[in-house]
There are 2 protein chains.
Amino acid sequence: MVTGTKQRLIEGALEVIRSQGITAVSARSVASAAEANQALIFYHFGNVEELIAQTCVTATESRVDEYRERFAAVSTLTELLALGQTVLVEERAEGNLVVLAQTLAGAQRGGRLAEATHEALGKWTAEVESALVRVLAGSPLMEFTDPRGLARAVSAGFLGITLFESVDPAGGEQALAALTQLATLADVIDDLGPVATRAVRAKLRAVTKARR
Amino acid sequence: MVTGTKQRLIEGALEVIRSQGITAVSARSVASAAEANQALIFYHFGNVEELIAQTCVTATESRVDEYRERFAAVSTLTELLALGQTVLVEERAEGNLVVLAQTLAGAQRGGRLAEATHEALGKWTAEVESALVRVLAGSPLMEFTDPRGLARAVSAGFLGITLFESVDPAGGEQALAALTQLATLADVIDDLGPVATRAVRAKLRAVTKARR
DNA sequence: GTCTATAACGAGATAGAC
DNA sequence: GTCTATCTCGTTATAGAC
């Protein structure tokens with residue numbers, strides 16, 4: 001099944017999306033990239049949208065599987081942040097964040113692509129979230145952050161940077177560097193321990209008060 | 001010029017992109033939304049890509065102008081973060097972050113859209129950056145953050161959350177909430193002043209050492 | 001500036017031979 | 001499962017009347 005036509009069509013779709021984006025996807029362009037007959041898309045997937053949906057989900061699945069062990073090996077916030085950087089850099093070459101971002105853009109009208117991207121995003125956020133929970137356990141940060149929301153924010157941020165990079169590579173690099181710096185700051189809070197905890201608690205009280 | 005056909009075509013393009021995304025854009029769909037004749041797109045813009053490019057730039061310009069005074073009024077990090085949230089919420093209704101994100105996706109193949117989105121992104125990042133520089137002046141944070149890169153990271157993050165929201169509104173909300181919490185943490189570091197500065201410096205030395 | 005009409009082509013999708 | 005051929009429709013873009 002490795003060299004099967006169905007698989008080749010998915011790889012063709014990946015290639016078209018990576019190099020030209022979702023707007024360039026058509027039965028003909030994908031079939032051409034896959035060196036397959038255009039009619040086979042409809043035989044194997046029924047329609048083009050379904051092909052894209054399956055492409056997005058399986059590609060994401062395969063990349064997340066690739067990273068699973070590495071996420072599991074992470075035990076500190078610093079390590080997690082370093083892994084995040086690695087993901088961004090590796091996917092810059094692998095191109096699967098581009099695929100997810102492009103499919104997400106194509107999902108604006110809802111439909112099958114919305115369902116598929118929702119599923120694909122869930123695969124990333126689940127991995128990030130569980131790593132966050134593990135890493136933040138016992139940290140003063142745990143008390144004030146929601147790993148669930150944070151995992152989503154991080155995933156969304158990565159997608160945004162991926163899109164940003166495509167039109168401004170230098171700017172994307174700067175953005176990544178800035179995030180790394182912020183990461184260090186979070187680490188510092190972590191290390192400050194009880195001092196930071198007290199400070200954060202005081203701040204939260206102040207903020208809460210001010211908003212009443 | 002307010003009710004001119006050219007303007008109506010731009011508004012039609014905005015409507016199509018907002019409701020159905022970049023993949024649904026065509027001379028016919030836009031003309032229909034603008035209640036204008038399809039041929040007029042080619043008379044006024046030459047081709048559809050140019051229409052989208054101008055739509056993206058002018059829409060971004062108008063929204064950024066809308067926020068300029070509010071950015072200028074910001075004098076603390078907390079206020080800036082609050083404004084950031086406001087932007088995200090208001091643009092959720094206004095829909096112009098969606099337009100920028102969608103155009104960015106359409107810019108994957110380069111060409112005119114890449115140029116236009118580069119320009120549009122620059123308008124946002126310039127505003128965010130100048131506010132960051134002002135707000136971080138004299139803060140211990142200034143020493144360790146690059147406002148230029150941070151502004152790009154923030155802008156990219158907003159675009160990512162915007163895309164994320166379109167397929168998972170609840171998740172987008174959680175992401176936004178998590179960022180707000182992180183914002184408070186940054187604020188705390190700011191308030192800690194010299195204590196934080198020393199801690200961050202020590203941490204940076206440690207990190208630098210570990211990487212050698 | 002705006003319209004109709006139409007050329008020229010690419011799109012999704014299906015039928016049917018092999 | 002894969003191919004060719006084809007239908008039908010939507011697409012960009014232009015020509016030319018008004």
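Residue numbers begin at 1 in each chain, while the letters A, B, ... track the order of the sequences. Model, not experiment: these values are computed from the prediction.
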Side chain to side chain, A/R18 and A/Q102, heavy atoms closer than 4.5 Å: no

Side chain of B/T5 - closest among C/dT2, D/dT12, C/dG12: C/dT2

Listed nucleotide nearest any side-chain atom of A/N37, set D/dA13, D/dC3, D/dT11: D/dC3

Whole-Å distance separating the CG atom of A/N47 from the C1' atom of C/dA13: 10 Å

B/H44 atom NE2: more than 12 heavy-atom contacts under 6.0 Å: yes

Of the listed nucleotides C/dT2, C/dA13, D/dA13, the one nearest the side chain of B/L40: C/dT2

d(CD, A/E49; C1', C/dA13) in whole Å: 15 Å

B/F42 CZ - C/dC3 C1' separation (whole Å): 15 Å

A/A39, nearest nucleotide to its side chain (from C/dC3, D/dT4, C/dG12): D/dT4

Atom-to-atom span, CG of A/L9 to P of D/dC3 - whole angstrom: 10 Å

From D/dT12, D/dT2, D/dA5, nucleotide with atom closest to A/H44 side chain: D/dT2

Under-4.0 Å side-chain N/O to phosphate OP1/OP2 contact, B/S26 with D/dG10: no

Of A/Y43 and A/S29, the one whose closest DNA chain C nucleotide lies more 5': A/S29

From C/dG12, D/dG1, D/dT12, nucleotide with atom closest to B/R28 side chain: D/dT12

Side chain to side chain, B/I52 and B/I17, heavy atoms closer than 4.5 Å: yes

Partner of B/R112 by side chain to side chain donor-acceptor pair (under 3.5 Å), out of B/E49, B/E50, B/Q54: B/E50

Between P of D/dT4 and CD1 of A/I41, the distance in whole Å: 15 Å

Atom-pair distance (CD on A/Q38; P on C/dT14), nearest Å: 11 Å

Gap between atom CG of A/L14 and atom CG of A/N96 - 0.5 Å precision: 6.0 Å

Interatomic distance, B/F45 CZ vs C/dG1 P [rounded to whole Å]: 11 Å

